[in-house]
Number of protein chains: 2
Amino acid sequence: MHSELYNIGQAAKASGISAKMIRHYEEVGLLPAASRTLSGYRTYNHQDVHMLRFIRHSRDLGFSIKQIADLLSLWRDMNRPSSKVKQLATEHIEMLNQKIQELNAMKSELTRLVSCCHGDERPDCPILDELAQDK
Amino acid sequence: MHSELYNIGQAAKASGISAKMIRHYEEVGLLPAASRTLSGYRTYNHQDVHMLRFIRHSRDLGFSIKQIADLLSLWRDMNRPSSKVKQLATEHIEMLNQKIQELNAMKSELTRLVSCCHGDERPDCPILDELAQDK
DNA sequence: GCTTGACCTTACCATCGTTGTAAGGTCTAG
DNA sequence: CTAGACCTTACAACGATGGTAAGGTCAAGC
């Protein structure tokens, strides 16, 4: 196993997280402070890049930074109970469900309104009428 | 028709938009500058509150401030073609669809992972395994 | 050795919609 | 006259990300 070093741009490419966000994650404490070259450049090794990939995958699934921090600490804890991970994921699914439900409610209401609107050159518009309703 | 006056708190209650946000909407130009009492308090009349309700309904459907500004100007334009309103709404539905799709993708992936995880006291966890994968 | 260009550094500001806070002025009821 | 509820402005924060600016560093080519 070589411990070849990456600078932040290479780590970004290898992990799929922008250099910008890597610095940000470090600043907010999601990542430990990277080691530096003499001239101050951040350096990353394979393990660091592995962690970055973990973060990206978590982010792609919509986990918040706080949740990702929890996932990372579970990941590092070799004695974690898998129930904790499952619970975290399940809670996130619930959050997703809630958001999806909200968006779906908006969508169906809007779809209903749109289907009522002629959509021609005349000014009459049930969409505006409904938005203007006092209900 | 009385033109009874509301102060910002009363307008907030009557419209369902917080006083805070009413000020914000004024600041960003979604609302015209409110008239003021001698002592500087903002005052609103029935028509203003009606507009605030319009904004709230639009917001409840997920329209952005920019879109609401467009809706408001269509609302005020008695010669608008309803096609413009319909198009705006349709574009928003498309945006909603896109977001819903993204969230659903996250949800189904997560659901799959969760269903693979025992969720007991043992540390083995396919959720973490997958997040840590190099793919 | 010097220049060029690509990279790195920090430190800001912007987005979007909303909330919170602080410090102060005003109004109204007791 | 005072207490408390309201109003005012101005600022910062959230969440994740992007942008910009001003400057230092590195590697390649001349």
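Scope of the values below: all heavy atoms of this structure, side chains included, with no hydrogens, waters or symmetry mates. We name chains A, B, ... by the order of the sequence lines, and we start the count at 1 in each one.
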Where protein sits on nucleotides 15-21 of chain C, one letter per nucleotide: B base, S sugar-phosphate only, - none, heavy atoms under 4.0 Å: --SBBBB

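- Along DNA chain D, the stretch of nucleotides lying under 4.0 Å from any heavy atom of chain B spans, 5' to 3', dC6(D) to dA10(D).
- A donor-acceptor pair is defined here as one N or O able to donate and one able to accept, closer than 3.5 Å; such a pair exists between the side chain of H92(A) and the backbone of G62(A).
- Looking only at distances, no side-chain donor or acceptor of E109(B) sits under 3.5 Å from a matching main-chain atom of M106(B).
- Remark: R122(B) does not engage D124(B) in a salt bridge, criterion side-chain N to carboxylate O under 4.0 Å.
- Remark: side-chain polar atoms of H57(B) are not paired, donor with acceptor, to backbone N or O of A132(A) under 3.5 angstrom.
- Under the 4.5 Å side-chain heavy-atom criterion for Ile, Leu, Val, Met, Phe, Trp and Tyr, L103(B) and M95(B) are members of distinct hydrophobic clusters.
- I8(B) pairs in a side-chain contact (heavy atoms from CB on, under 4.5 Å) with only one of the listed residues (I17(B), I22(B), T43(B)), which is I22(B).
- For E121(A), the side chain to side chain donor-acceptor pair (under 3.5 Å) test picks out no residue, with sequence neighbours left out.
- For the residue pair G119(A) and S82(B), the shortest heavy atom distance occurs at N-OG, 3.2 Å.
- For DNA chain C, no neighbouring residue in residues 26-38 of chain B is found when judged by any heavy atom under 4.0 Å.
- Here CG of L31(B) is found 12.5 Å from CZ of R23(B). Values are rounded to the nearest 0.5 Å.
- Shortest non-hydrogen contact noted between Y6(B) and Q10(B) is CA-OE1, 3.4 Å.
- No hydrogens or angles considered: nothing links the side chains of Q98(B) and E94(B) as a donor-acceptor pair under 3.5 Å.
- The rotation axes computed at either terminus of the helix from dG1(C)-dC30(D) to dG30(C)-dC1(D) lie 30° apart, taking five pairs at each end and rounding to 10 degrees.
- Here R23(B) lies in heavy-atom contact (under 4.0 Å) with a base.
- Taking the six-membered ring for Trp and thresholds of 30 and 60 degrees, W75(B) and F54(B) have nearly parallel ring planes, at less than 30 degrees apart.
- Heavy-atom distances under 4.0 Å link DNA chain C to no residue of residues 90-97 of chain A.
- R80(B) contributes no side-chain N or O that, together with a main-chain N or O of L71(B), makes up a donor-acceptor pair within less than 3.5 Å.
- Side chain of K86(A) to backbone of C117(B): a donor-acceptor contact under 3.5 angstrom is found.
- Residues I65(A) and I55(A) are members of one and the same hydrophobic cluster, defined by side-chain heavy-atom contacts under 4.5 angstrom among Ile, Leu, Val, Met, Phe, Trp and Tyr.
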